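These figures come from a predicted structure and were not determined experimentally.
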Amino acid sequence: MPFFTKQPTCTLLFILTLSLATLFAATLRRRHHHFLPPPPTSTHHYRNAFLSTANNSTIAAHLFHLTLHPHLAGTPPSLSTAVYVQSHFQSLGLTTHLTNFSTLLSYPKHSSLSLHLKNGTVLPLPLSEPQNDVVVMPYHAYSPSGSAYGKAVFLNYGRDQDYYALGVEVKGCVGLVRRGSEMSRYEVVANAAAHGVSAVLMYTEGEYKQGVERGTVMKGLGDPVSPGWAGLEGGEKLDLDDPRVTEKFPGVPSLPVSEEVAESIIMSLEGVRAPYEWRGDFKIGGSGIKRVGPGPTMLNFTYEGERKMATIHNVFAVIKGSEEPDRFVLLGNHRDAWTYGAVDPNSGTSALLDIARRYALLMHIGWSPRRTIVLCSWDAEEFGMIGSTEWVEQNLLNLGSKAVAYLNVDCAAQGPGFFVSATPQLDDLLVEVTKKVRDPDSENLYLYESWTASNKGVNIERLSRVDSDFAPFLQHAGIPSVDLYFGSEFPVYHTAFDSYDWMKKFGDPLFHRHIAVAGVWGLVALHLADDPILPFNYLPYATELLKYKDVLNTLLEGAISLHPISAAIQEFTAAAVEIEEEAKKLRLDQNLDEISVLRGRMLNDRLMLAERGFLDSEGLTGRQWFKHLIYGPRGSSESKISFFPGIADAISQVSNEEESKATIRHEIWRVARAIQRAASALRGEFT
């Protein structure tokens, strides 16, 4: 039965709840209007007003409505959530529009799995969570259809080192792997295919042993049939058998299973003993030596899916800048979910909607941003950042010349602890903003205090990963970016248990973490939109680059000279010092004559465009879509560093020593030239 057959009921519910939400928003506008401060006279007052009008009940109400039903991208319930978001923006008086794309998505039709024991017993294994027939059956998007009957074998995390440690032939086996952080789902399944495994089962360890983690096994980002250009209705589409399309999908089928199912398989295995290095964190079956197959247990595996063109919907609200309307600050969150999506992603959606409400209140008391603010609600992120990627590809030239920064929140609240990742020129701004936002879990503390106490200092991660919508903005378009969230992980990720009830009981019962994320997110955007001189500081970037060079030198053991990078970093550091001094002077300059305004505009352009210097038009070798040479995904799970992705690939992928050194040297020079381009952008002068 199709997983969206209950749509008529969902639609009626949606119409009712949308009407209630509209009435609720109107009541809130009247209620808050009464308590707003008098018209302020400075951006400082507007920022205080933004923070003081936070309301956890409105966030909770949005999350409740958004999670009434599952809303997988490309289905009617997903369109309902798009209409809900757009209607909220419109109810606030914001300029709103939808941008649609026609993209290749993937859905399940049928799957089955049975366990065949050596005594002849056959046990059908459940593939769905209990009592959850409304959500889509667990599957891996873009998995090929197929059947397999073979010996069961446990493959740990599915890395090359795991196959070597196992030391037995696995050709024709049905492999069971546990999810880890080192490899994507695509890499795990593709590696299994390379070792001769005929099908893959994947499970996630955690508290919810009956939960099943859905996900995508597509390689790369964006619509697979329009790689590098926007997937427009009536636009160019590659054929499904085009090698540029087929290379994005693994060669063997796969399915996610629960930890409970995985345990029943593992406990039936005989064969070889588990390698010693696997046992330390192995949770299934308690302590002691375990057998991991192959066999004698056999698995009968079947998966049938379909790939079809579907329309996806990005929703935007635009607050036009009063002085620099052609400079854009973008706040983004994806809206689609594998199931109900209370944490992933609609905790972030709810926070975005509340930011929209608070910005509308500021507009009501006289505020308008200096630069244009765009609130973005993406679709089809779960399939591979498709909605955001198609939009970036469609707007690449305008983004490259006009985008100040992209601020992303995916899962706003998934547990305790504040986490932030960013490009380094935004470090100082983030630190200052966290000194203004109250900590949601510690009374009488600001977020900065608890954040730095738990990390023994400021801890800002970087953005080389590709797990949310910042990736196309930074790694393809070179836009300075931020990613914010509370909680390092959560046990109901991509399962049917990611519901409003779970959020109310465990994730953020009082919705205070949602308030804190929205506070940081919205306040950073206000600074970027309103500060006459952009609050960028490239000195932390120079420090990071120097640290990366030192780590790389240690990894290479001095065998290859890093002088090109060292010289480029010196040049970049000098440019960063110069522009920071220039920015300090202009921030103190109260002169508003035409020359001073023009000088500020020119300085801001240099600050804004420097990140683009790290892009290389040729992209990463073998992954040309990724253009950023400082931050980008690794090409191999064997990579030892999370920066300089081209150099990392060259180190891990070339075996011949002389060829390897030549390739590494070339990548070193590419990075050096990228750093020099960024330095040149900061200076703003021709050589």
Side-chain angles (χ1 to χ4, degrees), residues 54 56 59-60 62-64 66-67 179-181 204-208 211 213-215 331-335 337-355 381-382 407-422 430 433-434 437-443 445-463 465-470 482-522 524:
N56 55 342
I59 291 178
H62 284 310
L63 188 64
F64 176 79
L66 287 163
T67 57
R179 284 281 285 138
S181 59
T204 303
E205 296 171 322
E207 299 173 31
Y208 286 70
E213 181 189 306
R214 297 147 181 83
L331 295 79
N333 157 267
H334 79 91
R335 189 186 61 256
W338 289 113
T339 63
Y340 297 99
V343 176
D344 183 8
N346 297 134
S347 59
T349 313
S350 303
L352 184 68
L353 295 178
D354 196 57
I355 287 173
E381 186 269 358
E382 297 293 8
L407 313 176
N408 188 72
V409 171
D410 193 322
C411 307
Q414 52 193 31
F418 179 62
F419 294 85
V420 57
S421 303
L430 286 161
V433 165
T434 59
V437 176
R438 292 285 183 180
D439 183 82
D441 298 309
S442 303
E443 192 174 356
L445 288 181
Y446 283 95
L447 187 55
Y448 173 81
E449 298 170 279
S450 58
W451 176 42
T452 54
S454 62
N455 292 286
K456 298 181 179 179
V458 172
N459 180 29
I460 300 176
E461 299 294 327
R462 301 306 170 201
L463 293 169
R465 62 188 199 275
V466 286
D467 56 0
S468 195
D469 292 300
F470 59 80
V482 171
D483 188 46
L484 307 166
Y485 54 97
F486 266 88
S488 58
E489 56 187 22
F490 64 107
V492 296
Y493 176 68
H494 287 187
T495 74
F497 303 116
D498 182 10
S499 65
Y500 182 83
D501 286 343
W502 188 89
M503 180 65 75
K504 282 285 291 182
K505 291 177 182 177
F506 306 109
D508 190 16
L510 299 177
F511 289 84
H512 289 169
R513 292 168 187 157
H514 287 74
I515 290 291
V517 166
V520 175
W521 197 8
V524 167

Item to complete: Would you mind reporting whether His334 and Pro345 have side-chain heavy atoms less than 4.5 Å apart?
Response: yes
Fill in: Donor-acceptor side-chain pairing of His494 and Glu213 below 3.5 angstrom
no
Response to the item:
Taken to the nearest 0.5 Å, the spacing of Phe64 CZ from Ser499 OG works out to 11.5 Å
Worksheet item: Between Phe418 and Ser450, does a side chain to side chain contact (heavy atoms under 4.5 Å, CB included) hold up when you go through it step by step?
Response: CA-CA 9 Å; Phe418 179 62; Ser450 58; over 6 Å; no
Worksheet item: Just by modelled atom types, is the Leu63 backbone N or O under 3.5 Å from a matching donor or acceptor in the Ser350 side chain?
Response: yes
Worksheet entry | Exercise: identify the closest heavy-atom pair between Gly519 and Val437 | C-CG2, 3.9 Å
Worksheet item: Does atom OH of Tyr500 have more than 12 heavy-atom neighbours from other groups under 6.0 Å away?
Response: yes
Item to complete: Work out which heavy atom in Ala337 is nearest to a heavy atom in Glu382; give both atom names and the distance.
Response: CA-CG, 4.3 Å
Worksheet entry | Where Asp498 and Val492 come nearest, the two heavy atoms and their spacing | CB-O, 3.6 Å
Discussion item. Are Phe497 and Trp502, when compared by the centres of their aromatic rings, separated by less than 6.0 Å?
Written reply: no
Worksheet item: Met503 and Val343: side chain to side chain contact (heavy atoms under 4.5 Å, CB included), yes or no, with the steps?
Response: CA-CA 7 Å; Met503 180 65 75; Val343 176; 3.6 Å; yes
Discussion item. Strictly distance-based, threshold 3.5 Å: is any side-chain N or O of Asp344 a donor or acceptor partner for the main-chain N or O of Tyr493?
Written reply: no
Worksheet item: What is the distance from atom OG1 of Thr495 to atom OH of Tyr208, rounded to the nearest 0.5 Å?
Response: 8.0 Å
Worksheet entry | Donor on one side chain, acceptor on other, Asn408 and Ser468, under 3.5 Å | yes
Discussion item. Within this structure, what is the CZ-OH distance for the pair Arg438 and Tyr446, rounded to the nearest 0.5 Å?
Written reply: 3.5 Å
Worksheet item: Do Thr349 and Asn333 have side-chain N/O donor and acceptor atoms under 3.5 Å apart?
Response: yes
Discussion item. For Val517 versus Ala412, what's the shortest heavy-atom pair and its separation?
Written reply: CG2-O, 3.3 Å
Practice prompt. Go through the side-chain N and O atoms of Ser421 and Asp483 and say whether any donor and acceptor fall under 3.5 Å apart.
Written response: no
Discussion item. Between Arg513 (side chain only) and Gly507 (backbone N and O only), is there a donor and an acceptor less than 3.5 Å apart?
Written reply: yes
Worksheet, complete the sentence: One should read off an interatomic distance between Asp354 CG and Trp521 CH2, to the nearest 0.5 angstrom, of 10.5 Å
Worksheet item: Is there a donor-acceptor contact under 3.5 Å from the side chain of Asp439 to the main chain of Asp441?
Response: yes
Worksheet entry | Trp451 (side chain) donor-acceptor with Val458 (main chain) under 3.5 angstrom | no
Worksheet entry | Phe486 vs Pro416 side-chain heavy atoms within contact, under 4.5 Å | no
Worksheet item: Minimum heavy-atom separation for Arg214 to Ala496, with atom names?
Response: NH1-N, 3.7 Å
Practice prompt. Could you tell me how the ring of Phe511 sits relative to the ring of His514: parallel (under 30°), tilted (30 to 60°) or perpendicular (over 60°)?
Written response: tilted
Worksheet entry | Side chain proximity check, Leu331 to Leu352, heavy atoms < 4.5 angstrom | yes
Worksheet entry | Closest contact, heavy atoms only, Cys411 versus Tyr485 | O-CB, 3.0 Å
Item to complete: Using modelled atom types only, decide if a donor and an acceptor are shared between the side chain of Gln414 and the backbone of Gly487 within a distance under 3.5 Å.
Response: yes
Worksheet item: How many angstroms lie between atom CG of Leu447 and atom OG1 of Thr434, to the nearest 0.5 angstrom?
Response: 5.5 Å
Worksheet item: Under 3.5 Å, is there a donor-acceptor pair between the side chain of Arg462 and the main chain of Ala422?
Response: yes
Fill in: CG on Asn56 to NE2 on His512, rounded to 0.5 Å
4.5 Å
